[in-house]
2 protein chains.
Amino acid sequence: MDDRPGVGRPTLETVARRARVSRQTVSNVLNSPHLVHPETRSRVERAIEVLRYRPHQAARSLRTHRSRLIGVRMEAFGDGINGSILDRFIHALTEVAEGHGYRVLVYTAADDASEIAAYEDLLGTHEIDAFILTSTHRADPRTAWLASRNTPFVTFGRPWDGTEHHSWVDVDGAAGTREATRRLCALGHQRIAFLGWPEGSGVGDDRRAGWEDALRGCGWDPAALVVAGPDGVDEGREGAHRLLDGAVPPTAFVCASDSLALGAIGALSDLGLVPGPDLPVIGFDDTAVARAIGLTSLAQPLGQAAQLCVNLMAALLGTDPDGTSTRPAHHLLRPELVVRATGLGGPPTGHPTATITSARTPTS
Amino acid sequence: MDDRPGVGRPTLETVARRARVSRQTVSNVLNSPHLVHPETRSRVERAIEVLRYRPHQAARSLRTHRSRLIGVRMEAFGDGINGSILDRFIHALTEVAEGHGYRVLVYTAADDASEIAAYEDLLGTHEIDAFILTSTHRADPRTAWLASRNTPFVTFGRPWDGTEHHSWVDVDGAAGTREATRRLCALGHQRIAFLGWPEGSGVGDDRRAGWEDALRGCGWDPAALVVAGPDGVDEGREGAHRLLDGAVPPTAFVCASDSLALGAIGALSDLGLVPGPDLPVIGFDDTAVARAIGLTSLAQPLGQAAQLCVNLMAALLGTDPDGTSTRPAHHLLRPELVVRATGLGGPPTGHPTATITSARTPTS
DNA sequence: TTGTAGGCGTTATCAC
DNA sequence: GTGATAACGCCTACAA
């Protein structure tokens, strides 16, 4: 006569019997509580509690075509310096998503094409509800593909082609480098160099634009000082050397990444120079390396970005799937300047080529 | 008369009609190909191809109680220096798992208790097939919990209590520090210090044991030189200072982490010293920071570890769920010494307290 | 407000 | 070797 407690996993049926109601009522308690009489509801809720019942997502999914799963790509990082910031983003995203009742499914992909193949598989087999894309770039085929399938998605990174029409969150790189450069100007620096990436990279151009802006605002000509190369410590070192060997060596460096900044510090060290108030070096992304070596850097508000991404995604998923869905929305966040030993801690001391040392890395 | 191509997602039924067989036969082609006549099979396979059919995991899961999902915890990293190594592991794991037809679901948890709560939820709602645990430690309640529920799992990190009986993969930290210390001995170093963590941390004790071993093997007494504190750059700096201020300052540092090593380098720098062949500093984990600043370090073979974890997991899942399951197995991998500028590049040059410089970080 | 009927896509069991 | 039937757990009508 009893409902055989403990045999197998509890189902709606088990709960219903225990609470002396029908399956449907239990379902309503879960999905539309307002339809259920308070007294009945609390009786059902107690039964759920006692039986430790949890709705079976597969069964739910079969019926509703919703998995409560969101997909995020795990990227293979280059030198490991900048790679970690995406991991921090995914961590934050996972945490925030859990608060909204979503789980995060990660996958890998070597390029856009294989990422699209992953979408196809994930959508077909697991019925992923939405994707969060990272590392958007020019001529990005992913957004168009997803849009054509009516798959909800949000990008962390704006659509660099301008024509796209979807929800996104991004960090205003230009605002960051602009602020850093302005502050350097205010401290009396005149020859402020920029170490960046080749033109055309969206993120790189953006970060460079901020520096250029600020420098023009101070009345200086930025053209002569910029050096661009791919990302990496060696590239930064080489670029900085080129500038330092020029006729008018810079008195400060603003860099598009911590890797480049680290390279610049290496170049200075090669010349017996040490970064600091007289010779500031500013990186971007506030990576572990920056924290470790005391590099002033621009930090992306990753937690906030993750939060906003999930909010936008939830908005997308909240509306009826066909018909008028929510308007796409964006958020552009300001990076935060984290001041450390390598610069902006105070005004220059007055003797820019200070402290000649023998601090070069020993090479036996 | 036609099977209305393109209407909704293709199902077994769609494929069956197209191949002029029953649903069941299609299912057999997918799950037990050997039961199906080759000719029929290829006909079905073509239909699958043409229709771009993919089995619906939710429906499958409902029937089989298998989700083809494995759970991994995304950890919040401390100083961000060592945190990234777990992310590299998860990346590798995701990639390897995909090769086995599994997807990785990530989740967060603040402590063991909330991680166990996550297990409960994940098992109940998504019917996760297995978990890969990281950061095992003494008195770890997670393994017992999972074992008591008969949930398959593999740990990356050995069971430090010794009594556990499950599959695991780990990196032989002691072997790493032993090798590094031996090589320092061979180069003529006598006073080799160890910067580690407080006793009782499993991983820390292991790494320390290797150093102790090797030092005894060289005929030196390790006791006087060890310094232990929590992990972090500042702790390493302070610890190194204590040693360097002692009666007999060390001529080499072996460290339990790159953070500690970085601290040691800072301490040396405070004294106008620079690490190198005469004054080696060796870190652990080969993090991005190590690569960036040229720190010699011991690298964990994370890709291999991930591969083995998935293999062990697949073995667990391959057996019949009840009855005699596969025996637990382990793998202990050797870390690799990555030699860079801070040491082991060659023999000491003979003047151990070389290159006094003014290389301290400027403090305006 | 509560209960009943049907089906989502798949696989296991059993005939044929 | 192949095909019919039932069931997995849930949700969405609809009826009471």
Side-chain angles (χ1 to χ4, degrees), chain A residues 3-4 7-45 47-48 51-68 101 123-127 129 320-321, chain B residues 3-4 7-45 47-48 51-68 101 123-127 320-322:
Chain A
D3 52 351
R4 303 186 307 157
V7 173
R9 55 160 21 247
T11 74
L12 274 189
E13 181 71 38
T14 325
V15 178
R17 278 214 299 271
R18 169 129 199 152
R20 306 195 166 277
V21 294
S22 73
R23 281 192 317 210
Q24 181 52 26
T25 302
V26 182
S27 176
N28 283 338
V29 169
L30 258 32
N31 303 309
S32 318
H34 59 279
L35 295 180
V36 181
H37 189 83
E39 193 184 322
T40 317
R41 194 199 310 173
S42 68
R43 202 167 71 240
V44 171
E45 277 164 349
I48 289 177
L51 295 169
R52 324 207 86 206
Y53 166 79
R54 287 164 200 276
H56 189 50
Q57 184 54 47
R60 231 175 204 189
S61 198
L62 191 57
R63 208 54 192 106
T64 61
H65 297 287
R66 295 224 157 184
S67 59
R68 301 197 148 276
L123 253 19
T125 60
H126 288 279
E127 288 203 298
D129 287 345
D320 45 1
Chain B
D3 53 351
R4 303 188 307 159
V7 173
R9 63 175 355 262
T11 73
L12 273 189
E13 181 70 39
T14 326
V15 177
R17 278 214 299 271
R18 169 130 199 152
R20 307 196 166 278
V21 293
S22 73
R23 275 191 324 212
Q24 184 52 27
T25 300
V26 180
S27 176
N28 283 337
V29 168
L30 257 32
N31 302 308
S32 317
H34 59 279
L35 294 180
V36 181
H37 189 85
E39 194 183 320
T40 317
R41 193 198 315 173
S42 68
R43 202 167 73 238
V44 171
E45 277 163 349
I48 289 176
L51 295 168
R52 323 205 83 206
Y53 164 78
R54 287 165 200 278
H56 189 46
Q57 184 55 46
R60 234 176 202 188
S61 197
L62 189 58
R63 207 54 193 115
T64 62
H65 298 287
R66 297 223 156 186
S67 59
R68 302 196 148 274
L123 289 171
T125 61
H126 289 278
E127 287 201 298
D320 45 0
D322 48 4

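Everything numeric in this text was worked out from a predicted model, so none of it was measured. All chains are named by letter (A, B, ...) in the order of the sequence lines, taking the proteins before the strands, and each is independently numbered beginning at 1.
- Residue whose closest nucleotide on DNA chain D sits further toward the 5' end, between A/Arg54 and B/His37: B/His37.
- Put simply, CZ on B/Arg23 is 10 Å from P on D/dT5, counting in whole angstrom units.
- For the pair B/Arg9 and A/Leu123, the tightest heavy-atom approach, listed with the atom from each and the gap, is NH2-O, 4.2 Å.
- The salt bridge (Lys or Arg N to Asp or Glu O under 4.0 Å) test applied to B/Arg63 returns no partner, not counting sequence neighbours.
- Between A/Gln24 atom CD and D/dA13 atom P the separation is 11 Å, expressed in whole Å.
- Rounded to whole Å, atom C1' of D/dG9 lies 14 Å from atom CZ of A/Arg17.
- Using a 4.0 Å cut-off on heavy atoms, the residues of residues 25-36 of chain A that approach DNA chain C are A/Thr25, A/Leu35, A/Val36, listed by number.
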Show every donor-acceptor pair shorter than 3.5 Å between a side-chain atom in residues 21-32 of chain B and any protein atom, with sequence neighbours excluded, or say none if there are none.
from, atom 1, to, atom 2, distance (Å)
B/Ser22, OG, B/Gln24, N, 3.4
B/Ser22, OG, B/Thr25, N, 3.4
B/Ser22, OG, B/Thr25, OG1, 3.3
B/Gln24, NE2, B/Asn28, OD1, 3.2
B/Ser27, OG, B/Asn31, ND2, 3.4
B/Asn31, OD1, B/Arg60, NH2, 3.4
B/Asn31, ND2, B/Ser27, O, 3.2

Got a list of protein N/O to nucleotides 14-16 of chain D N/O distances below 3.5 Å?
none

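- A distance of 7.5 Å separates OG in A/Ser67 from NE2 in B/His126, rounded to the nearest 0.5 Å.
- Computed from coordinates, the A/Arg66 CZ to D/dC10 C1' distance equals 16 Å when rounded to whole Å.
- Residue B/Leu12 is classed as a base contact, given a heavy-atom separation below 4.0 Å to a base.
- Of the residues in residues 57-65 of chain B, those lying under 4.0 Å from DNA chain C by heavy-atom distance are B/Ala59, B/Arg60, B/Leu62, B/Arg63, B/Thr64.
- As rounded to whole Å, 20 Å separates atom P of C/dG9 from atom CZ of B/Arg68.
- In this structure, A/Glu127 places its CD atom 13 Å from C1' of C/dT10, rounding to the nearest Å.
- Comparing the end axes of the helix from C/dT1-D/dA16 to C/dC16-D/dG1, each fitted to five base pairs by superposing C1' atoms of four pairs onto the next four, gives an inter-axis angle of 40° (nearest 10 degrees).
- With hydrogens and angles disregarded, no donor-acceptor distance shorter than 3.5 Å links the side chain of B/Thr125 to the backbone of A/His56.
- Separating the NE2 atom in B/His34 from the CZ atom in B/Arg41 is a distance of 9.5 Å, to the nearest 0.5 Å.
- Taking atom CG of residue B/Leu51 and atom P of nucleotide C/dG9, one finds them 14 Å apart after rounding to whole Å.
- Listed for the A/Gln57 side chain is no donor-acceptor partner under 3.5 Å among the backbone atoms of B/Gly124.
- In this model, a donor atom of one side chain and an acceptor atom of the other lie less than 3.5 Å apart for A/His65 and A/Glu127.
- Closest of all the heavy-atom pairs between A/Arg52 and A/Pro10 is O-CG, 4.1 Å.
- Between the C1' atom of D/dC11 and the CD atom of A/Glu13 lies a distance of 14 Å, rounded to the nearest Å.
- In summary, A/Glu13 and A/Arg17 engage in a salt bridge, as defined by a charged side-chain N under 4.0 Å from a carboxylate O.
- Across every non-hydrogen atom of B/Ala47 and B/Val15, the tightest pair is CB-CG1, 4.0 Å.
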Could you check B/Thr14 against B/Leu51 for side chain to side chain contact (heavy atoms under 4.5 Å, CB included), going step by step and ending with a plain yes or no? CA-CA 8 Å; B/Thr14 326; B/Leu51 295 168; 4.1 Å; yes

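- Taking 4.0 angstrom as the limit, B/Thr11 places none of its side-chain polar atoms (N or O) nearer than this to OP1 or OP2 of C/dG9.
- To the nearest 0.5 angstrom, A/Leu12 atom CG is 8.0 Å from A/Ile48 atom CD1.
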